[in-house]
Amino acid sequence: TGEPKWDQCQRRYLENKHQKPITGEPKWIRNVIRETWKYQKARWLARNEELHGTSNGPNSSAATKLALLTRIRTLYTHEMTLLQQDRVPFNIEIEDWEHKTCSAMQQWLTRNTPFIRHALKIAKIQLKT
């Protein structure tokens, strides 16, 4: 019939198993793909848990939190280099960041990293003049 050999074998197996002809789209392909993805996801989650520890939600592992906190601390080292009016992002005490969620940290970094970089350039220019 023009079907691939694997499909013919699978159809013959199912017809023998269910004692009726198999017609329509070969559903076994979907099932094989679905099971493959489930297996790969399970392996990926196990690997991430081994590398980063268990998490109680998205982006909440200890390693992720430490990485975000390190990035925030690095930006805080530039606070005194900025002009007074550009220090607004640093109104939260650095110690308070240890108690914030990963999503709050990520949001602060996303919003303020570009601003702080730009403010550093302006402060450098101001310093030269």
Peer 1: For residues 75-89, which side-chain donor-acceptor pairs fall under 3.5 Å, sequence neighbours excluded?
Peer 2:
from, atom 1, to, atom 2, distance (Å)
Y76, OH, I92, O, 2.4
Y76, OH, W97, NE1, 2.9
T77, OG1, T74, O, 2.4
Q84, OE1, R87, NH1, 3.1
R87, NE, E79, O, 3.2
R87, NE, L82, O, 3.1
R87, NH2, M80, O, 3.3
R87, NH2, L82, O, 3.0

Peer 1: If you link ILVMFWY side chains whenever their heavy atoms are less than 4.5 Å apart, which other residues fall into the same cluster as L66? By chain and number, please.
Peer 2: none

Peer 1: Any pair with a residue in residues 89-109 that passes salt bridge (Lys or Arg N to Asp or Glu O under 4.0 Å), sequence neighbours left out, goes on the list, sorted by first then second residue, please.
Peer 2: R73-E98

Peer 1: Inspect the surroundings of OH in Y13 and state if more than 12 heavy atoms from other residues, nucleotides or ligands are less than 6.0 Å away.
Peer 2: no

Peer 1: Report whether I94 and L69 are members of the same hydrophobic cluster (ILVMFWY, side-chain heavy atoms less than 4.5 Å apart, transitive linking).
Peer 2: yes

Peer 1: My understanding is that a hydrophobic cluster links ILVMFWY residues whose side chain heavy atoms are under 4.5 Å apart, including indirect links. Using that, what else belongs to the cluster containing W44?
Peer 2: L45

Peer 1: Kindly compute the distance separating CG (N112) from CZ (F90), expressed to the nearest 0.5 Å.
Peer 2: 7.5 Å

Peer 1: Not counting sequence neighbours, which residues clear side-chain contact (heavy atoms from CB on, under 4.5 Å) with I33? List them please.
Peer 2: I29, W37

Peer 1: R71: which residues meet the side-chain contact (heavy atoms from CB on, under 4.5 Å) condition with it, sequence neighbours left out?
Peer 2: L68, Q106, L109

Peer 1: Between atom NZ of K20 and atom CD of E15, what is the distance when rounded to the nearest 0.5 Å?
Peer 2: 11.0 Å

Peer 1: Would you compute the distance between atom CG of L120 and atom NZ of K124 and round it to the nearest 0.5 angstrom?
Peer 2: 9.5 Å

Peer 1: Looking at NZ of K5 and CD of Q8, how far apart are the two atoms once the value is rounded to the nearest 0.5 Å?
Peer 2: 5.5 Å

Peer 1: Sorted by first residue and then second, give each salt bridge (Lys or Arg N to Asp or Glu O under 4.0 Å) pair with at least one member in residues 32-45; sequence neighbours left out.
Peer 2: E35-K38

Peer 1: For R30, give me all partners under salt bridge (Lys or Arg N to Asp or Glu O under 4.0 Å), at least two apart in sequence or on another chain.
Peer 2: E25

Peer 1: Tell me every residue that passes side-chain contact (heavy atoms from CB on, under 4.5 Å) with H99, counting only those two or more places apart in sequence or in another chain.
Peer 2: none

